[in-house]
Structures are given as C-alpha cells and as structure tokens.
4 protein chains.
Amino acid sequence: MSSSSPQRRGNTRQRIQDVALELFAEQGYEKTSLREIAERLEVTKAALYYHFKTKEDIIISLFEDLTRPIDELIEWADEQPQPLTLEMKKEVLRRYSEAVAGCVPLFRFMQENQATMRELSIGETMKQRLFRLVGLVRTEDGPLVDQVRCVSALFTMHAGMMFLQHMDSDPEQTRQAALEVAMDLITQAHHEK
Amino acid sequence: MSSSSPQRRGNTRQRIQDVALELFAEQGYEKTSLREIAERLEVTKAALYYHFKTKEDIIISLFEDLTRPIDELIEWADEQPQPLTLEMKKEVLRRYSEAVAGCVPLFRFMQENQATMRELSIGETMKQRLFRLVGLVRTEDGPLVDQVRCVSALFTMHAGMMFLQHMDSDPEQTRQAALEVAMDLITQAHHEK
Amino acid sequence: MSSSSPQRRGNTRQRIQDVALELFAEQGYEKTSLREIAERLEVTKAALYYHFKTKEDIIISLFEDLTRPIDELIEWADEQPQPLTLEMKKEVLRRYSEAVAGCVPLFRFMQENQATMRELSIGETMKQRLFRLVGLVRTEDGPLVDQVRCVSALFTMHAGMMFLQHMDSDPEQTRQAALEVAMDLITQAHHEK
Amino acid sequence: MSSSSPQRRGNTRQRIQDVALELFAEQGYEKTSLREIAERLEVTKAALYYHFKTKEDIIISLFEDLTRPIDELIEWADEQPQPLTLEMKKEVLRRYSEAVAGCVPLFRFMQENQATMRELSIGETMKQRLFRLVGLVRTEDGPLVDQVRCVSALFTMHAGMMFLQHMDSDPEQTRQAALEVAMDLITQAHHEK
DNA sequence: CATGAATGAGACTTCATTCAT
DNA sequence: GATGAATGAAGTCTCATTCAT
C-alpha cells in the first residue's frame, strides 16, 4: 500500500498545476509548452489532456483554486457599510496583503504576463476583481492626486511582493514595509479630503 | 515629398518599427508574428529580413532608439555629486517622468511582457538601467520602509502612465498627479531619516 | 421492468449501437469519436470497450444485426429458378424496398461514407451483397442501356429513401413512388429485349 | 532552361491540387493527411501551407476550379424561358452529362464523402447548385412519381459516371447509356402530365 | 529593395486503445 | 459491468528563418 513509484496516486492533477505554475511564472505562459510540463512530470502530453481540457484550462484552474481568498475578501468588503471608513480601508489592505502573500507566484505570473492575460478568459475576470477593489478603496470624489495615491497603495503591495526576490531582505519584512507604505498613502488620501 | 504614395520613401525601416511596437504592445511579443507585421505593412515577411536580422532585432532597435533620453538622464545623474540631495532626486523624478511619457508604448510593452523581457538580451540591459535609477534615488542606508517608498515612487510613475488608459482623466494631468505622489513619497523617505 | 432508471438494464450494448448509428449517420464514421458516443451515453470510453473490441466492431455489429433481412432476401432469390422472370424481379424490388426502409439510417450511413466503407472489412461484404442483387435483377446479356436501367432501378430506391428528408412529402409515399419508378425501369429493360 | 529537378517551377500549387484530389477521392478526405500529400510531392507540410491557408482550402480550390462549367450551365439555363420545355430539359441533361464527365474524380469524391461535405463550407454551395438543377428539370406540379423520375434522371447520370469503374464497358459508352436512360425518365415525366 | 517559395522545428490537440482496479 | 488514468501515434497548423532571383 505504500506504493512502488513515488508520489503517483490520485495527485497527478495537483502535480500538473504545481509544475505548470512554476514554469508559467518562470518563463511565461506562451513560452512554456505542454511538452515541457509533461516531461518534467514524466508523463505524456496526452496525460495532461486527461486532466485538463486545454492549456488555458490549466491556468484557469490555478486562478480558481488560488484566488478564492481574494474573492472572499471582496465579498466581505462589499457587505460593509459604504463608503468604507478609513479604518475599514486599512483592514481591507491588511487582508489583501495577506491574501496576495498566499499566492505570490500567481501574482508574479499575472504581472509578468499581462499581455497574455488580456487574451485569456480569466484575464477579464481578474481585471474586474481588481477594479472592484480599487473602487472600494479609493476616495471617489477626491482630487486626482488622491485617486492616484489609492491606486498606488495597491500597486505598492504588489510591487513589494514581487520585489522581495530582488531585494536582499526577508520577504515577510518586505511585505510589512510595503503594507505600511500603502497604509500611509491611503491615510494621506483621506486627510486631504 | 514628391513621391506618389505618401510616406513611403526610404522609411520602410521606420514603418516596420512603428507597426511592430504597436502590435507588440497590444498583443505581446510572442503572440505577434512577423507575418502579422508584414501583412499590416503590405510587404512580405522576407522584406522584414532585409531591414532586420531577426525578430528580436526589431525590438532591440526600438529600445535603442527610444530609450536614449533615459540613458542620458542616468548619465547626467551619475555625474552629479553623490549621494544626491533631495532636490536633485526630485529633479531626477521630474526628468524621468518626462522621459517615460515620451515612450509610453515601450513602457507598456515592458510592463506587459516582463516574462519575455527576461529572455531577450535587451531585458538585462533595461533591468540594469532601472536598478541604477533606483540606486540613485533610494536612501541607501535608511529603514526598509523608506526603501520601499523610493521603489514605490518610481513604480507609481509607471503605473500612472499606464493607467491613463483606464482612467477617464486627461493623460497629462494624470502624469502630473503621479509625479506629485512620487515626489511626496521620496520626500517622506528623506524626512524620516 | 422494475428497474429504477428506465431502459437501463442489460441493454447498454443496444444503447451503444443506437447512439453510434445515429452519430455515424449524422457526422460520418471518422468524425465521430468514441468519446462523443460515451459522453452522450453518460458512460466512459472504457465502458465501450467492455462491449466491443474496437470502434470498427461497433459498426460491424450494426450491419450484422440490421441487414439480416436483406441477406435473407438474397438467399431466397438465389433459390428461385434462374434467370428470374420479370414478375419475380418485381417481387425482389418490392421486398428490397421494404428491407431498406427498415434500416434507413444504415443505408444513409453507407451512402454518405463510401470512402470509409471501402477501408472497413464490412465494406467488402456489403459490396458483394449489392453486386449479387444487381446480378439477380439485371438482364445479363441485354444492351448496355438496359443494364444501366436495372442499376438505376436499385439506386432510385436508395435515392428515394434518402431524399425523403429533403422532400416535403410523406416518407412512405416517397418510398412507393420510388418503387414504382424502379418497377417501370426494370419493366422497360425487359420489354426491349 | 530545361531545369535540373523535374517539374518544379511555378506549378507546385497545381501539383498539390492534383495529388490531393487523387488521394481524397481514393481514401476520403479525413483519412488523407497533409503529411501524405506532402510526402507524395516530396515537399514539407509547411510548403502546402504556403499555397493554401488550410486543408479545407485545398478542396475548396478544387471545386472552384473544376465546377465552373456546371455553374455556367445553370446560369445559361436560368436565362432561358421558364418553365423549360422538354427539349430544353434534354439539352440541360446533355450538357450536364458532359460537364460531369469533365470532373469525374470530383464527383466521385462528393458521392463518397457526403458526410464530410456536409461540414465543409463548400458542401452547402454544391448542394444549392444541385437543388437549382433539380428545380430546373423537374415538373413542378406533377405527381410525386414524376418528381422522383426527374431526380432519378440526374442521379442515374451520376451513378452511370461512377460505376464505369466497376463495369467492364467503355466509360464513354456507359455515359451515353446513362444519358439515354435519364432522357427517357424525363420524357416519361412530361408525357404523363 | 523586395519577393516567392520553401523548410524544420515545434506548437496544441484528438484519437483509439489498454489495463489495473 | 464499468471506471480512472494513461499512452503513443498522428493530426492540423504556425512560426522564424533562409535563399535564389
């Protein structure tokens, strides 16, 4: 029962997702061929097609599985009294920072394959999610410079997450620093109102 | 000026660059085929090869031609007394903002094709340029949060440039707003030191 | 009869045949995949292989099960005194018309997939049957034009059967009309002798 | 100028069409792969794609090039006073017989790949042509049996053409015989009116 | 300056089939 | 009686690139 060949039970689907995400993030979606994924897993290309209908299906499944926390965050925020208070917005940022930290490779993929994302069906979905988040956080009728601050707050967290690779510092510390800057930005956007 | 069909002199090379940049920015580098470029120009693929050695050569030429102002900015900043004063850093940001505004499509391309950029020889070149800029602007030995602020300042300008498409406001105004936020960020990074 | 879900007893084999014939006739043999058949039946491909050795086996079984009446007709005609009288030939046509009417989809399949039939082992079998029928009906040593009449008689019945879909008239009436024309043709072939 | 490698000038497109028609007619459309066509021509698959956009494009081009005479016949018949007299209908049959004789392989292909034809864009085109021909020839308001006669007349000519392979007689003689039977059928359809 | 013709590599995808469970 | 997982072969098609003319 302890199986002869290692880690080959009912987890092939999962293994495909893991390898695919790794390669997609590393080389980009188009430059990663199914042959490559299959070879790395030591299965045939056809095996991939047993588990996923198309190449796009693989990435869709990754988004579906990994971005649920963000979905839930948005839902939660939507249910709060609108417009959000500054305190609430900070809470949103805090939770968002955590949610993004939970799927760094996916966000790295998104950021590095924006051109591709636009053609993928999932791209539209994600874009709308982001817009809703921006909508929740930004000061609707404030001056343009404050709107930019809010957008910048979100992007700072993304950037903070991505650049932990190129920074020599601890990922978690970088995340906290980025969150702090984001908080600052959003606070300023409120004060000046 | 006396030619029969307008704008078709010895400028084919230029026209190829224009169309290529447009398509690369719109669809991504890998998804844009030379056939597509050639068709849009109503020439044959072989004609492209008369002007450029390879596909990569086309994009390299674009970077070489369009990013000179940024190059010069860095050179200029390098010659100033180090480390830069806050006032100088602001001047760098100002100039950088203008330089980037001069080649928005190229930056859009870079941002949306990061995965590709990494494989392209030009990618490394650009990356180093950005790092030098960051190096010039950031407060070397300050706390992590200030370093993030400096990086964020640069990214805010990029983001500001890119999101002018999705914002309803005037591009130039957006640019100014982004520049302002960037200035703020960098100033804060200095104060707290 | 007391089963929970209707018509699902030990009749899976039958159900496979039904769906397969339907799809083969509609889309052609090669364009119909086992996946498609399995999906429509809500079973797995592997299940098909429990009931049939190969894809070709499915179509062979259909011919074996459905063309028995035609087989018997030929056997019966073979036992009559040769060469057949005009009256007997008419009887053969009448019976053939009925037999064909009993397996219209199969004939539609044959007519529309002749290229495929030639590669299928069953193709040769069916071809020989048809040749024997032609041999029974045609006026061996008559002029060429009469031979054509006899062949045409058989084909008219086939055509009559197939074109009932595209005609607005009642299938049974069309069949009778086709039979009548066929009778005429064969009668003429006899007279002129 | 007599060229070193035999028959390779500007005629590749033509050669592709020839080989393709031969193989399509012999093995069917789906069972004939582009690899097969390319190999027989001693070129690469990619070369086929230089001359034709898709596999379907190859067969479309064949129909366009070879069925022009039939097109012209229909146009000509349409310009005659309607409804056609018996004499005119006979003339149509005569010309049709000749036109079909000029592209026997194509008609063989059509007859043997009806299932495929239905999916091909060209299928609809050809079907409409045939319907217009039937419309020109058949006795609109006569009894059903006469309508069948008219349809049968056309099909007899097709059948006559196809079965020349399996008959031992001379193709041209068979064609004449089929034409004669078709004439008879159409004449009968008129008399009884 | 540019084209017409072709290539070789490789992409995604589908298929009939197998076999342990 | 049937499934889940996988395979190997083959399919259509696209791409960057080359070269004689």
Side-chain angles (χ1 to χ4, degrees), chain A residues 5 8-13 16 29-38 41-58, chain B residues 8-13 16 29-38 41-58, chain C residues 8-13 16 29-38 41-58, chain D residues 8-13 16 30-38 41-58:
Chain A
S5 61
R8 208 163 296 167
R9 276 196 312 278
N11 57 353
T12 302
R13 193 190 142 95
I16 292 172
Y29 177 77
E30 350 258 355
K31 297 270 280 188
T32 303
S33 70
L34 296 186
R35 176 178 58 67
E36 219 171 342
I37 297 175
L41 288 166
E42 291 181 294
V43 295
T44 55
K45 273 178 291 168
L48 305 186
Y49 279 91
Y50 176 76
H51 294 282
F52 299 94
K53 263 206 318 280
T54 65
K55 186 185 182 185
E56 188 173 346
D57 222 43
I58 298 181
Chain B
R8 206 166 295 172
R9 277 197 311 280
N11 59 354
T12 303
R13 193 189 142 93
I16 292 172
Y29 177 77
E30 349 258 355
K31 297 269 280 192
T32 302
S33 69
L34 295 186
R35 176 174 60 64
E36 220 172 340
I37 296 174
L41 286 167
E42 291 179 293
V43 295
T44 53
K45 268 185 293 173
L48 305 185
Y49 278 89
Y50 178 82
H51 294 282
F52 298 95
K53 250 195 349 259
T54 67
K55 188 185 181 185
E56 189 172 346
D57 224 42
I58 298 180
Chain C
R8 208 165 294 170
R9 277 197 311 280
N11 59 355
T12 302
R13 193 189 142 95
I16 292 172
Y29 177 77
E30 350 259 354
K31 298 267 280 190
T32 303
S33 69
L34 295 187
R35 176 176 58 65
E36 219 173 341
I37 296 174
L41 287 167
E42 292 178 292
V43 295
T44 52
K45 270 185 293 173
L48 305 185
Y49 278 89
Y50 178 82
H51 293 282
F52 298 95
K53 250 194 351 257
T54 67
K55 187 185 182 184
E56 188 172 347
D57 224 42
I58 299 180
Chain D
R8 208 165 295 168
R9 276 195 311 278
N11 57 352
T12 303
R13 194 190 141 95
I16 293 172
E30 351 258 356
K31 297 270 281 190
T32 302
S33 71
L34 296 185
R35 178 180 56 68
E36 218 172 342
I37 297 174
L41 287 167
E42 290 180 296
V43 295
T44 55
K45 275 179 288 169
L48 305 186
Y49 279 92
Y50 176 76
H51 293 282
F52 298 95
K53 262 204 319 277
T54 65
K55 187 184 182 186
E56 187 172 348
D57 221 42
I58 299 180

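So you know, we letter chains A, B, ... as the sequences are listed, proteins then strands, and number each from 1.
The distance from atom CD of A:E42 to atom P of F:dT7 is 10 Å, rounded to the nearest whole Å. Atom NZ in C:K31 sits roughly 11 Å away from atom P in F:dT12 (whole-Å rounding). D:N11 places its CG atom 14 Å from the C1' atom of E:dA6, with the value rounded to the nearest Å. Following rounding to the nearest Å, A:I16 (CD1) and F:dA5 (P) show an atom-to-atom distance of 11 Å. B:Y50 has its OH atom 17 Å from the P atom of E:dG4, to the nearest Å. What separates CD1 of A:I37 from C1' of E:dC12 is a distance of 12 Å, to the nearest Å. Distance B:F52 CZ to E:dC1 C1': 14 Å, rounded to the nearest Å. Counting to the nearest Å, the C1' atom of F:dC13 and the NE2 atom of D:H51 are 16 Å from each other.
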Which parts of nucleotides 16-21 of chain E does protein reach within less than 4.0 Å, heavy atoms only, written one letter per nucleotide 5' to 3' as B for base, S for sugar-phosphate only and - for none? BBBB--
Pairing pattern in dot-bracket form [Watson-Crick, G-U; both distances under 3.5 Å; | = partner strand] for DNA chain E: .||||||||||||||||||||
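Partners of D:A46 according to the side-chain contact (heavy atoms from CB on, under 4.5 Å) rule, which considers only residues two or more places apart in sequence or in another chain, are D:T44. Checked against side-chain contact (heavy atoms from CB on, under 4.5 Å), C:K45 has the following partners two or more places apart in sequence or in another chain: C:L34, C:R35, C:A38. Partners of A:K31 by salt bridge (charged side-chain N to carboxylate O under 4.0 Å, His left out), not counting sequence neighbours, listed by chain and number: B:E119.
Within the 4.0 Å cut-off from OP1 or OP2 of E:dC1, not a single side-chain nitrogen or oxygen of B:T12 is found.
Nearest heavy atoms, B:T32 versus B:E36: CA-OE1, 3.8 Å. Between D:K55 and D:Y49, the shortest heavy-atom distance links the atoms N-OH, 4.5 Å. Taking each heavy atom of C:I16 and C:F52 in turn, the nearest pair found is CG2-CE1, 3.6 Å.
Rounding to the nearest 0.5 angstrom, the gap separating the CD1 atom in C:I58 from the NE2 atom in C:H51 is 10.5 Å. Atoms OG1 and CG, from B:T12 and B:L41 in turn, are 8.0 Å apart once rounded to the nearest 0.5 Å.
Each of C:A47 and D:E36 was assigned the nucleotide of DNA chain F with the nearest heavy atom; the assignment lying further toward the 5' end belongs to C:A47.
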